[in-house]
Enquirer: 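Pasting a structure below so you can have a look.
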Amino acid sequence: MARVVILGGGIAGHTAALHLTRMLGRTNEVVVVTPNSMWNWIPSNIWVGVGRMDTEQVTFPLAPIYRRKGIDHRQALATAIHPEGTSDDHTPFVEVTYTDPTRQGETARLTYDFLINATGPKLNFGATPGLGPDGFTKSVCTAGHAVEASQSLAKAIEKMKRGEPQTIVIGVGHGTCTCEGAAFEYAFNVEHEVRQAGVRDLADIVYLTNEFELGDFGVGGLTFTQQGFQTTSKLWTESLFRERGIRAITGAHVERVEEGVVFFEQVDGSKDSLAFDFAMLLPPFRGVDLKAFDADGVDISEKLFAPNGFMKVDADYTAKPFADWRAEDWPKTYQVPSYPNIFAVGIAFAPPHQISQPRTSPNGTLIAPSPPRTGMPSGIMGKLAASNITALIKNGSKAKMKTASMSDMGAACVASAGSGLRDGSAASMTMYPVVPDSVRYPVTGRSVADTYGEIGLAGHWIKALLHYLFIYKAKARPGWWLIPE
Amino acid sequence: MDATDADIAAAPLPTDKTLSARQSVVVQFGRFLAINLKMFKIIRKDRH
(Lines give C-alpha, C1' and ligand atoms only; values in the text may rest on other atoms or scores of the structure.)
Protein backbone atom coordinates (compact mmCIF):
# COMPACT_ATOMS: atom_id res chain seq x y z
CA MET A 1 0.00 0.00 0.00
CA ALA A 2 1.33 3.43 -0.96
CA ARG A 3 0.60 6.74 0.69
CA VAL A 4 0.21 9.87 -1.43
CA VAL A 5 0.22 13.17 0.43
CA ILE A 6 -1.16 16.22 -1.38
CA LEU A 7 -0.36 19.67 -0.07
CA GLY A 8 -3.23 21.97 -1.01
CA GLY A 9 -6.90 21.45 -1.77
CA GLY A 10 -7.42 24.00 -4.52
CA ILE A 11 -8.12 23.27 -8.17
CA ALA A 12 -4.85 21.34 -8.77
CA GLY A 13 -4.67 19.52 -5.44
CA HIS A 14 -8.36 18.64 -5.21
CA THR A 15 -8.39 17.41 -8.83
CA ALA A 16 -5.34 15.25 -8.09
CA ALA A 17 -6.94 13.83 -4.93
CA LEU A 18 -10.20 12.88 -6.63
CA HIS A 19 -8.46 11.28 -9.62
CA LEU A 20 -6.04 9.39 -7.36
CA THR A 21 -8.88 7.81 -5.38
CA ARG A 22 -10.60 6.90 -8.67
CA MET A 23 -7.44 5.47 -10.24
CA LEU A 24 -5.96 3.75 -7.20
CA GLY A 25 -9.05 2.56 -5.37
CA ARG A 26 -9.08 2.42 -1.59
CA THR A 27 -6.17 0.02 -1.27
CA ASN A 28 -3.83 3.00 -1.25
CA GLU A 29 -3.95 6.03 0.98
CA VAL A 30 -4.57 9.57 -0.24
CA VAL A 31 -4.02 12.37 2.27
CA VAL A 32 -4.90 16.00 1.57
CA VAL A 33 -3.30 18.65 3.75
CA THR A 34 -4.98 22.02 3.39
CA PRO A 35 -5.23 24.88 5.88
CA ASN A 36 -8.72 25.75 4.64
CA SER A 37 -11.86 23.82 5.47
CA MET A 38 -13.67 25.12 2.39
CA TRP A 39 -13.21 24.62 -1.35
CA ASN A 40 -13.61 27.78 -3.41
CA TRP A 41 -14.43 28.05 -7.11
CA ILE A 42 -12.21 31.11 -7.44
CA PRO A 43 -13.26 32.18 -10.98
CA SER A 44 -16.72 33.06 -9.61
CA ASN A 45 -15.29 35.29 -6.86
CA ILE A 46 -15.61 38.03 -9.48
CA TRP A 47 -19.38 37.76 -9.13
CA VAL A 48 -19.16 37.75 -5.33
CA GLY A 49 -17.09 40.92 -5.63
CA VAL A 50 -19.95 42.75 -7.35
CA GLY A 51 -22.68 41.30 -5.14
CA ARG A 52 -24.16 38.93 -7.74
CA MET A 53 -23.31 35.83 -5.71
CA ASP A 54 -22.70 35.12 -2.04
CA THR A 55 -19.92 33.04 -0.54
CA GLU A 56 -22.18 29.99 -0.12
CA GLN A 57 -22.56 29.83 -3.89
CA VAL A 58 -18.82 29.66 -4.55
CA THR A 59 -17.59 27.59 -1.61
CA PHE A 60 -18.44 24.28 0.08
CA PRO A 61 -16.89 22.27 2.95
CA LEU A 62 -14.27 19.72 1.89
CA ALA A 63 -14.65 17.35 4.84
CA PRO A 64 -17.90 15.60 3.75
CA ILE A 65 -16.56 15.05 0.22
CA TYR A 66 -13.30 13.59 1.51
CA ARG A 67 -15.16 11.38 4.01
CA ARG A 68 -17.34 10.02 1.20
CA LYS A 69 -14.35 9.40 -1.11
CA GLY A 70 -12.16 7.82 1.58
CA ILE A 71 -9.60 10.63 1.46
CA ASP A 72 -7.71 11.39 4.69
CA HIS A 73 -8.30 15.12 5.18
CA ARG A 74 -5.94 17.03 7.43
CA GLN A 75 -6.89 20.66 7.97
CA ALA A 76 -3.35 21.82 8.50
CA LEU A 77 -0.59 23.97 7.10
CA ALA A 78 2.49 22.23 5.70
CA THR A 79 5.63 23.90 7.01
CA ALA A 80 8.53 21.68 5.92
CA ILE A 81 9.36 18.83 3.57
CA HIS A 82 11.94 16.21 4.55
CA PRO A 83 12.38 14.31 1.26
CA GLU A 84 15.14 12.10 2.72
CA GLY A 85 13.50 11.54 6.10
CA THR A 86 15.96 11.69 8.98
CA SER A 87 19.38 10.10 9.49
CA ASP A 88 17.65 7.35 11.52
CA ASP A 89 14.66 6.72 9.30
CA HIS A 90 14.84 7.54 5.61
CA THR A 91 11.09 7.59 5.11
CA PRO A 92 10.26 11.00 3.63
CA PHE A 93 7.77 13.14 5.52
CA VAL A 94 6.21 16.57 5.75
CA GLU A 95 5.78 18.60 8.90
CA VAL A 96 2.36 20.13 9.37
CA THR A 97 0.72 22.45 11.89
CA TYR A 98 -3.01 21.92 12.35
CA THR A 99 -5.40 24.79 11.65
CA ASP A 100 -8.39 22.55 12.45
CA PRO A 101 -10.08 24.29 15.43
CA THR A 102 -10.14 20.99 17.36
CA ARG A 103 -6.35 20.55 17.02
CA GLN A 104 -5.28 24.17 16.48
CA GLY A 105 -1.49 24.59 16.70
CA GLU A 106 -0.69 20.87 17.06
CA THR A 107 2.21 19.72 14.90
CA ALA A 108 2.61 16.34 13.20
CA ARG A 109 4.79 14.44 10.77
CA LEU A 110 3.09 12.83 7.78
CA THR A 111 5.17 10.24 5.97
CA TYR A 112 4.66 9.75 2.25
CA ASP A 113 5.62 7.57 -0.67
CA PHE A 114 4.62 10.29 -3.14
CA LEU A 115 4.08 13.97 -2.53
CA ILE A 116 2.14 16.45 -4.65
CA ASN A 117 2.85 20.10 -3.90
CA ALA A 118 -0.30 21.95 -4.94
CA THR A 119 -0.19 24.66 -2.33
CA GLY A 120 -1.10 27.47 -4.69
CA PRO A 121 0.29 30.93 -4.04
CA LYS A 122 0.98 33.05 -1.03
CA LEU A 123 -0.94 36.29 -1.64
CA ASN A 124 2.01 38.62 -1.28
CA PHE A 125 0.25 41.87 -0.34
CA GLY A 126 3.38 42.77 1.66
CA ALA A 127 5.36 43.33 -1.55
CA THR A 128 3.55 46.67 -2.04
CA PRO A 129 3.12 48.91 1.02
CA GLY A 130 -0.52 49.75 1.62
CA LEU A 131 -1.86 47.06 -0.73
CA GLY A 132 -4.67 44.72 0.24
CA PRO A 133 -7.53 44.33 2.70
CA ASP A 134 -5.23 45.25 5.61
CA GLY A 135 -4.21 48.35 3.68
CA PHE A 136 -6.23 50.61 1.43
CA THR A 137 -7.33 48.40 -1.47
CA LYS A 138 -9.65 45.45 -1.92
CA SER A 139 -9.04 42.03 -3.48
CA VAL A 140 -11.15 39.22 -4.96
CA CYS A 141 -8.58 36.47 -4.41
CA THR A 142 -10.64 34.74 -1.73
CA ALA A 143 -14.39 34.62 -1.24
CA GLY A 144 -13.98 36.63 1.97
CA HIS A 145 -11.97 39.32 0.18
CA ALA A 146 -14.59 39.43 -2.56
CA VAL A 147 -17.37 40.07 -0.03
CA GLU A 148 -15.41 43.04 1.34
CA ALA A 149 -14.90 44.33 -2.22
CA SER A 150 -18.62 44.00 -2.88
CA GLN A 151 -19.48 45.99 0.27
CA SER A 152 -17.07 48.78 -0.71
CA LEU A 153 -18.42 48.86 -4.25
CA ALA A 154 -21.98 49.10 -2.90
CA LYS A 155 -20.93 52.11 -0.80
CA ALA A 156 -19.36 53.76 -3.87
CA ILE A 157 -22.57 53.18 -5.84
CA GLU A 158 -24.63 54.66 -2.99
CA LYS A 159 -22.44 57.78 -3.07
CA MET A 160 -22.93 58.09 -6.82
CA LYS A 161 -26.68 57.78 -6.33
CA ARG A 162 -26.37 60.81 -4.02
CA GLY A 163 -24.59 62.63 -6.86
CA GLU A 164 -20.97 62.21 -5.75
CA PRO A 165 -18.58 61.27 -8.59
CA GLN A 166 -16.33 58.29 -7.79
CA THR A 167 -12.98 57.19 -9.20
CA ILE A 168 -12.72 53.42 -9.30
CA VAL A 169 -9.29 51.84 -9.89
CA ILE A 170 -9.10 48.15 -10.76
CA GLY A 171 -6.05 46.17 -11.75
CA VAL A 172 -2.90 44.64 -10.34
CA GLY A 173 -0.87 45.92 -7.42
CA HIS A 174 2.70 45.12 -8.48
CA GLY A 175 4.85 44.92 -11.60
CA THR A 176 5.21 41.14 -11.36
CA CYS A 177 1.56 40.22 -10.78
CA THR A 178 -0.27 37.53 -12.71
CA CYS A 179 -4.05 36.98 -13.18
CA GLU A 180 -4.56 40.13 -15.27
CA GLY A 181 -7.56 38.31 -16.75
CA ALA A 182 -9.27 38.36 -13.35
CA ALA A 183 -8.61 42.09 -12.94
CA PHE A 184 -9.99 42.65 -16.45
CA GLU A 185 -13.12 40.69 -15.54
CA TYR A 186 -13.65 42.64 -12.36
CA ALA A 187 -13.23 45.99 -14.13
CA PHE A 188 -15.91 45.12 -16.68
CA ASN A 189 -18.25 43.60 -14.11
CA VAL A 190 -17.98 46.76 -12.00
CA GLU A 191 -18.69 48.86 -15.10
CA HIS A 192 -21.73 46.66 -15.78
CA GLU A 193 -23.01 47.05 -12.21
CA VAL A 194 -22.50 50.81 -12.19
CA ARG A 195 -24.37 51.08 -15.48
CA GLN A 196 -27.18 48.90 -14.15
CA ALA A 197 -27.40 51.19 -11.13
CA GLY A 198 -27.94 54.16 -13.46
CA VAL A 199 -24.88 56.08 -12.28
CA ARG A 200 -22.37 55.29 -15.01
CA ASP A 201 -21.85 58.98 -15.81
CA LEU A 202 -20.53 59.57 -12.29
CA ALA A 203 -17.97 56.73 -12.37
CA ASP A 204 -14.45 57.19 -13.72
CA ILE A 205 -13.23 53.60 -14.06
CA VAL A 206 -9.49 53.10 -14.56
CA TYR A 207 -7.80 49.78 -15.32
CA LEU A 208 -4.26 49.82 -13.91
CA THR A 209 -2.09 46.99 -15.18
CA ASN A 210 1.47 45.74 -15.51
CA GLU A 211 0.67 44.49 -19.04
CA PHE A 212 2.73 46.44 -21.58
CA GLU A 213 -0.37 46.74 -23.71
CA LEU A 214 -4.02 45.82 -23.31
CA GLY A 215 -4.95 42.26 -24.28
CA ASP A 216 -1.61 40.82 -23.12
CA PHE A 217 -3.24 38.85 -20.24
CA GLY A 218 0.23 37.69 -19.14
CA VAL A 219 0.52 35.42 -22.17
CA GLY A 220 2.00 37.95 -24.57
CA GLY A 221 -1.37 38.61 -26.21
CA LEU A 222 -3.15 36.53 -28.80
CA THR A 223 -3.53 36.67 -32.56
CA PHE A 224 -6.66 35.24 -34.09
CA THR A 225 -8.72 35.31 -37.22
CA GLN A 226 -11.92 37.33 -37.29
CA GLN A 227 -14.06 37.92 -40.35
CA GLY A 228 -11.23 37.07 -42.74
CA PHE A 229 -8.56 39.15 -40.99
CA GLN A 230 -5.89 38.29 -38.49
CA THR A 231 -6.42 40.57 -35.54
CA THR A 232 -4.81 40.92 -32.13
CA SER A 233 -6.19 40.72 -28.64
CA LYS A 234 -4.72 44.24 -28.19
CA LEU A 235 -7.03 45.80 -30.78
CA TRP A 236 -9.93 43.65 -29.67
CA THR A 237 -9.50 44.61 -26.00
CA GLU A 238 -8.97 48.29 -26.78
CA SER A 239 -12.22 48.23 -28.71
CA LEU A 240 -14.02 46.84 -25.65
CA PHE A 241 -12.46 49.52 -23.41
CA ARG A 242 -13.61 52.20 -25.85
CA GLU A 243 -17.12 50.78 -26.07
CA ARG A 244 -17.49 50.63 -22.29
CA GLY A 245 -15.68 53.90 -21.53
CA ILE A 246 -12.99 52.45 -19.28
CA ARG A 247 -9.62 54.22 -19.13
CA ALA A 248 -6.39 52.25 -18.88
CA ILE A 249 -2.87 52.72 -17.57
CA THR A 250 -0.52 50.01 -18.86
CA GLY A 251 3.04 48.89 -18.10
CA ALA A 252 2.64 49.98 -14.49
CA HIS A 253 4.30 48.84 -11.29
CA VAL A 254 2.44 49.96 -8.18
CA GLU A 255 5.03 51.24 -5.70
CA ARG A 256 2.75 51.92 -2.77
CA VAL A 257 -0.79 52.76 -1.81
CA GLU A 258 -1.87 55.37 0.70
CA GLU A 259 -5.40 56.16 1.79
CA GLY A 260 -7.19 57.06 -1.43
CA VAL A 261 -4.04 57.32 -3.59
CA VAL A 262 -2.08 54.76 -5.59
CA PHE A 263 1.50 55.59 -6.57
CA PHE A 264 2.97 53.85 -9.61
CA GLU A 265 5.87 53.80 -12.04
CA GLN A 266 5.53 52.98 -15.74
CA VAL A 267 7.88 51.18 -18.12
CA ASP A 268 9.24 54.51 -19.43
CA GLY A 269 10.39 55.35 -15.89
CA SER A 270 7.76 58.04 -15.30
CA LYS A 271 6.16 58.13 -11.88
CA ASP A 272 2.64 59.23 -11.17
CA SER A 273 -0.21 58.87 -8.72
CA LEU A 274 -3.93 58.39 -9.01
CA ALA A 275 -6.54 59.32 -6.43
CA PHE A 276 -9.33 56.79 -5.94
CA ASP A 277 -12.52 56.27 -3.99
CA PHE A 278 -12.60 52.49 -4.43
CA ALA A 279 -9.74 50.28 -5.62
CA MET A 280 -9.43 46.55 -6.22
CA LEU A 281 -5.82 45.63 -6.95
CA LEU A 282 -4.70 42.00 -7.10
CA PRO A 283 -1.53 41.12 -5.17
CA PRO A 284 1.60 39.50 -6.61
CA PHE A 285 2.03 35.80 -5.85
CA ARG A 286 4.96 33.96 -4.36
CA GLY A 287 5.42 30.42 -3.12
CA VAL A 288 4.01 29.58 0.29
CA ASP A 289 6.33 29.54 3.32
CA LEU A 290 7.53 25.98 2.95
CA LYS A 291 11.07 24.82 3.79
CA ALA A 292 12.96 21.66 2.85
CA PHE A 293 15.58 19.78 4.85
CA ASP A 294 17.87 16.82 4.09
CA ALA A 295 18.36 13.77 6.29
CA ASP A 296 20.87 15.66 8.46
CA GLY A 297 18.49 18.54 8.98
CA VAL A 298 20.40 20.86 6.63
CA ASP A 299 18.17 23.44 4.92
CA ILE A 300 17.96 22.46 1.23
CA SER A 301 15.16 24.91 0.34
CA GLU A 302 17.30 26.51 -2.39
CA LYS A 303 17.64 23.09 -4.05
CA LEU A 304 13.87 22.57 -4.19
CA PHE A 305 12.54 26.09 -4.54
CA ALA A 306 13.20 29.01 -6.89
CA PRO A 307 13.90 32.41 -5.25
CA ASN A 308 10.20 33.30 -5.64
CA GLY A 309 9.32 30.32 -3.44
CA PHE A 310 7.81 28.15 -6.18
CA MET A 311 9.04 24.56 -6.53
CA LYS A 312 11.57 23.69 -9.21
CA VAL A 313 10.47 20.81 -11.41
CA ASP A 314 11.60 19.24 -14.71
CA ALA A 315 12.02 22.59 -16.49
CA ASP A 316 15.15 24.26 -17.85
CA TYR A 317 15.84 27.04 -15.35
CA THR A 318 19.05 28.21 -17.04
CA ALA A 319 19.13 32.02 -16.96
CA LYS A 320 19.06 33.39 -20.51
CA PRO A 321 17.65 36.37 -22.42
CA PHE A 322 13.92 36.30 -23.15
CA ALA A 323 14.52 35.83 -26.88
CA ASP A 324 16.50 32.63 -26.20
CA TRP A 325 13.81 30.89 -24.19
CA ARG A 326 12.17 27.98 -25.93
CA ALA A 327 8.92 26.06 -25.61
CA GLU A 328 10.87 22.93 -24.59
CA ASP A 329 12.16 24.75 -21.48
CA TRP A 330 8.74 24.20 -19.89
CA PRO A 331 8.19 21.19 -17.59
CA LYS A 332 6.51 18.08 -18.93
CA THR A 333 5.82 15.84 -15.91
CA TYR A 334 6.16 18.39 -13.05
CA GLN A 335 8.45 15.99 -11.19
CA VAL A 336 11.24 17.32 -9.01
CA PRO A 337 14.45 16.00 -10.65
CA SER A 338 16.32 15.35 -7.40
CA TYR A 339 13.33 13.70 -5.72
CA PRO A 340 11.20 12.01 -8.42
CA ASN A 341 8.51 11.05 -5.89
CA ILE A 342 7.67 14.76 -5.51
CA PHE A 343 5.49 16.62 -8.03
CA ALA A 344 4.55 20.31 -8.04
CA VAL A 345 1.44 21.36 -9.95
CA GLY A 346 -0.75 24.39 -10.52
CA ILE A 347 0.62 27.68 -9.25
CA ALA A 348 3.07 25.84 -6.97
CA PHE A 349 5.56 24.93 -9.71
CA ALA A 350 8.18 27.47 -10.75
CA PRO A 351 7.74 28.58 -14.37
CA PRO A 352 11.10 28.70 -16.18
CA HIS A 353 10.39 32.14 -17.60
CA GLN A 354 7.68 34.67 -18.37
CA ILE A 355 5.39 34.14 -21.35
CA SER A 356 4.82 37.87 -21.77
CA GLN A 357 8.03 39.77 -22.51
CA PRO A 358 9.51 41.16 -19.28
CA ARG A 359 10.59 44.80 -19.29
CA THR A 360 12.70 46.93 -16.98
CA SER A 361 12.13 50.65 -16.49
CA PRO A 362 15.09 53.08 -16.74
CA ASN A 363 15.01 53.09 -12.91
CA GLY A 364 15.67 49.33 -12.89
CA THR A 365 12.14 48.33 -11.91
CA LEU A 366 11.08 44.97 -13.31
CA ILE A 367 7.63 45.13 -14.92
CA ALA A 368 6.87 41.60 -16.02
CA PRO A 369 3.50 39.86 -15.88
CA SER A 370 4.02 36.39 -14.42
CA PRO A 371 2.72 33.40 -16.37
CA PRO A 372 -0.88 32.48 -15.56
CA ARG A 373 -1.24 28.82 -14.59
CA THR A 374 -4.59 28.76 -12.87
CA GLY A 375 -7.87 27.15 -13.91
CA MET A 376 -7.72 24.70 -16.79
CA PRO A 377 -3.90 24.19 -16.80
CA SER A 378 -3.97 23.65 -13.02
CA GLY A 379 -6.63 20.95 -13.32
CA ILE A 380 -4.78 19.25 -16.18
CA MET A 381 -1.54 19.21 -14.16
CA GLY A 382 -3.36 17.81 -11.11
CA LYS A 383 -4.82 14.98 -13.16
CA LEU A 384 -1.46 14.35 -14.83
CA ALA A 385 0.31 14.00 -11.48
CA ALA A 386 -2.42 11.60 -10.29
CA SER A 387 -2.09 9.54 -13.45
CA ASN A 388 1.72 9.35 -13.29
CA ILE A 389 1.77 8.51 -9.58
CA THR A 390 -0.80 5.77 -10.22
CA ALA A 391 1.44 4.39 -12.98
CA LEU A 392 4.49 4.52 -10.70
CA ILE A 393 2.63 2.73 -7.88
CA LYS A 394 1.31 0.04 -10.21
CA ASN A 395 4.32 -0.46 -12.50
CA GLY A 396 7.28 0.92 -10.58
CA SER A 397 10.24 1.93 -12.72
CA LYS A 398 8.56 0.45 -15.83
CA ALA A 399 5.81 3.07 -15.63
CA LYS A 400 5.28 5.09 -18.77
CA MET A 401 5.03 8.72 -17.75
CA LYS A 402 2.48 11.00 -19.38
CA THR A 403 3.39 14.58 -20.19
CA ALA A 404 1.49 17.88 -20.30
CA SER A 405 3.80 20.77 -21.00
CA MET A 406 2.15 24.20 -21.12
CA SER A 407 3.86 24.54 -24.49
CA ASP A 408 1.77 21.60 -25.69
CA MET A 409 -1.40 22.48 -23.78
CA GLY A 410 -4.28 24.65 -24.84
CA ALA A 411 -6.55 26.65 -22.63
CA ALA A 412 -10.09 27.90 -22.84
CA CYS A 413 -10.75 31.10 -20.88
CA VAL A 414 -14.00 32.93 -20.35
CA ALA A 415 -13.55 36.45 -19.00
CA SER A 416 -16.82 37.81 -17.69
CA ALA A 417 -17.71 41.36 -18.74
CA GLY A 418 -20.97 41.54 -16.82
CA SER A 419 -23.42 39.13 -15.22
CA GLY A 420 -27.02 38.53 -16.31
CA LEU A 421 -28.91 35.81 -18.16
CA ARG A 422 -30.14 38.28 -20.80
CA ASP A 423 -27.81 41.25 -20.43
CA GLY A 424 -24.58 39.54 -19.38
CA SER A 425 -21.48 39.40 -21.52
CA ALA A 426 -18.09 37.72 -21.60
CA ALA A 427 -15.00 37.39 -23.73
CA SER A 428 -14.57 33.74 -24.68
CA MET A 429 -11.03 32.84 -25.67
CA THR A 430 -9.13 29.73 -26.63
CA MET A 431 -5.42 29.51 -27.17
CA TYR A 432 -3.12 26.74 -28.27
CA PRO A 433 -0.55 26.36 -26.93
CA VAL A 434 -0.50 28.46 -23.75
CA VAL A 435 3.26 28.92 -24.06
CA PRO A 436 4.01 30.07 -27.61
CA ASP A 437 6.14 27.73 -29.70
CA SER A 438 7.99 29.71 -32.35
CA VAL A 439 9.30 26.52 -33.98
CA ARG A 440 5.93 24.88 -34.60
CA TYR A 441 4.10 28.16 -35.18
CA PRO A 442 6.68 30.61 -36.56
CA VAL A 443 4.26 33.44 -37.40
CA THR A 444 2.46 34.05 -34.10
CA GLY A 445 3.80 31.31 -31.81
CA ARG A 446 0.35 29.75 -31.61
CA SER A 447 -2.03 27.88 -33.87
CA VAL A 448 -4.21 30.54 -35.48
CA ALA A 449 -6.90 27.89 -36.10
CA ASP A 450 -7.10 27.07 -32.38
CA THR A 451 -6.61 30.57 -31.00
CA TYR A 452 -9.84 32.43 -30.88
CA GLY A 453 -11.74 35.24 -29.23
CA GLU A 454 -15.34 36.42 -29.21
CA ILE A 455 -17.43 38.75 -27.06
CA GLY A 456 -21.10 38.26 -26.35
CA LEU A 457 -23.89 36.93 -24.18
CA ALA A 458 -22.97 33.33 -25.07
CA GLY A 459 -19.72 33.79 -23.15
CA HIS A 460 -21.69 34.65 -20.02
CA TRP A 461 -23.81 31.52 -20.42
CA ILE A 462 -20.65 29.43 -20.77
CA LYS A 463 -19.07 30.98 -17.67
CA ALA A 464 -22.27 30.39 -15.70
CA LEU A 465 -22.44 26.81 -16.98
CA LEU A 466 -18.80 26.22 -16.02
CA HIS A 467 -19.55 27.53 -12.52
CA TYR A 468 -22.18 24.84 -11.93
CA LEU A 469 -20.29 22.10 -13.79
CA PHE A 470 -17.02 22.58 -11.90
CA ILE A 471 -18.72 22.79 -8.52
CA TYR A 472 -20.58 19.56 -9.41
CA LYS A 473 -17.26 17.99 -10.39
CA ALA A 474 -15.46 19.24 -7.27
CA LYS A 475 -18.24 17.76 -5.12
CA ALA A 476 -17.48 14.42 -6.82
CA ARG A 477 -21.09 13.87 -7.80
CA PRO A 478 -21.92 10.88 -10.05
CA GLY A 479 -19.92 10.96 -13.30
CA TRP A 480 -17.77 13.88 -12.08
CA TRP A 481 -14.72 12.49 -13.83
CA LEU A 482 -16.45 12.77 -17.22
CA ILE A 483 -16.27 16.57 -16.91
CA PRO A 484 -12.93 17.62 -18.41
CA GLU A 485 -10.45 19.74 -16.51
CA MET B 1 -3.57 61.86 -23.26
CA ASP B 2 -1.74 58.70 -22.20
CA ALA B 3 -0.59 56.50 -25.12
CA THR B 4 -2.87 53.66 -24.05
CA ASP B 5 -5.86 55.98 -23.84
CA ALA B 6 -4.95 57.26 -27.31
CA ASP B 7 -4.93 53.66 -28.60
CA ILE B 8 -8.30 53.05 -26.95
CA ALA B 9 -9.72 56.21 -28.54
CA ALA B 10 -8.52 54.99 -31.96
CA ALA B 11 -9.82 51.41 -31.56
CA PRO B 12 -12.72 50.31 -33.75
CA LEU B 13 -16.12 50.82 -32.16
CA PRO B 14 -18.66 48.05 -32.73
CA THR B 15 -21.67 49.03 -34.80
CA ASP B 16 -25.20 48.93 -33.38
CA LYS B 17 -25.76 45.78 -35.43
CA THR B 18 -22.73 44.07 -33.84
CA LEU B 19 -23.78 45.14 -30.35
CA SER B 20 -27.28 43.87 -30.99
CA ALA B 21 -25.97 40.53 -32.27
CA ARG B 22 -23.79 40.18 -29.16
CA GLN B 23 -26.90 40.34 -26.97
CA SER B 24 -29.39 38.57 -29.23
CA VAL B 25 -30.59 35.35 -27.60
CA VAL B 26 -31.11 33.67 -30.98
CA VAL B 27 -27.71 34.64 -32.40
CA GLN B 28 -25.95 33.90 -29.13
CA PHE B 29 -27.51 30.45 -28.82
CA GLY B 30 -25.74 29.58 -32.08
CA ARG B 31 -22.53 31.18 -30.82
CA PHE B 32 -22.88 29.22 -27.56
CA LEU B 33 -22.80 25.98 -29.53
CA ALA B 34 -19.97 27.17 -31.79
CA ILE B 35 -17.76 28.36 -28.90
CA ASN B 36 -18.36 25.12 -27.01
CA LEU B 37 -17.21 23.18 -30.06
CA LYS B 38 -14.03 25.26 -30.22
CA MET B 39 -13.41 24.64 -26.53
CA PHE B 40 -14.00 20.90 -26.89
CA LYS B 41 -11.44 20.88 -29.69
CA ILE B 42 -8.88 22.34 -27.27
CA ILE B 43 -9.91 19.86 -24.55
CA ARG B 44 -9.40 16.96 -26.97
CA LYS B 45 -5.93 18.26 -27.83
CA ASP B 46 -5.12 18.39 -24.11
CA ARG B 47 -5.89 14.69 -23.57
CA HIS B 48 -2.32 13.51 -23.39
Enquirer: Mind ranking B/Ser24, B/Ala21, B/Pro12 by heavy-atom pairs under 4.5 Å with chain A and telling me who comes out on top?
Expert: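 Going by pairs under 4.5 Å, I would pick B/Pro12.
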Enquirer: Checking side-chain contact (heavy atoms from CB on, under 4.5 Å) between A/Ile249 and each of A/Val169, A/Thr209, A/Val262, A/Leu274, which is the one that passes?
Expert: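 Single pass found, and it is A/Leu274.
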Enquirer: Identify which part of A/Glu213 has an atom lying under 4.5 Å from any heavy atom of chain B, answering side chain, backbone, both or neither.
Expert: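 The answer is neither part of A/Glu213.
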Enquirer: Please determine whether side-chain hydrogen bond (donor to acceptor under 3.5 Å, both in side chains) holds for the pair A/Thr250 and A/Glu211, giving the CA-CA distance in whole Å, both sets of side-chain angles, and the decisive distance to 0.1 Å.
Expert: CA-CA 6 Å; A/Thr250 54; A/Glu211 297 157 278; over 6 Å; no
Enquirer: At a 4.5 Å cut-off on heavy atoms, which part of A/Leu421 comes close to chain B: side chain, backbone, both, or neither?
Expert: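 No part of it gets close to chain B.
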Enquirer: Calculate, to the nearest 0.5 Å, the distance between atoms CG and CH2 belonging to A/Asp314 and A/Trp330 respectively.
Expert: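 Between atom CG of A/Asp314 and atom CH2 of A/Trp330 there are 12.0 Å.
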Enquirer: Under the criterion salt bridge (charged side-chain N to carboxylate O under 4.0 Å, His left out), I'd like the reasoning laid out for A/Asp408 against A/Arg440: C-alpha separation, chi angles, the key distance, then a yes or no.
Expert: CA-CA 10 Å; A/Asp408 193 27; A/Arg440 287 163 69 196; 3.5 Å; yes
Enquirer: So for B/Leu19, is it side chain, backbone, both, or neither that comes closer than 4.5 Å to the heavy atoms of chain A?
Expert: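 The side chain, not the backbone.
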Enquirer: Looking at A/Leu235, A/Leu214, A/Ile455, which makes the most heavy-atom pairs under 4.5 Å with chain B?
Expert: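 Counting heavy-atom pairs under 4.5 Å, the top option is A/Ile455.
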Enquirer: Examine whether an atom of A/Met431 lies under 4.5 Å from a heavy atom of chain B, and if so say whether it belongs to the side chain, the backbone or both; otherwise answer neither.
Expert: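 When you check distances to chain B, only backbone atoms of A/Met431 fall under 4.5 Å.
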Enquirer: Using the ring of A/Phe241 (Phe, Tyr or Trp, six-membered ring only), decide whether A/Arg247 places NZ or CZ under 6.0 Å from its centre and within 45 degrees of its axis.
Expert: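 Not satisfied by the 6.0 Å and 45° rule.
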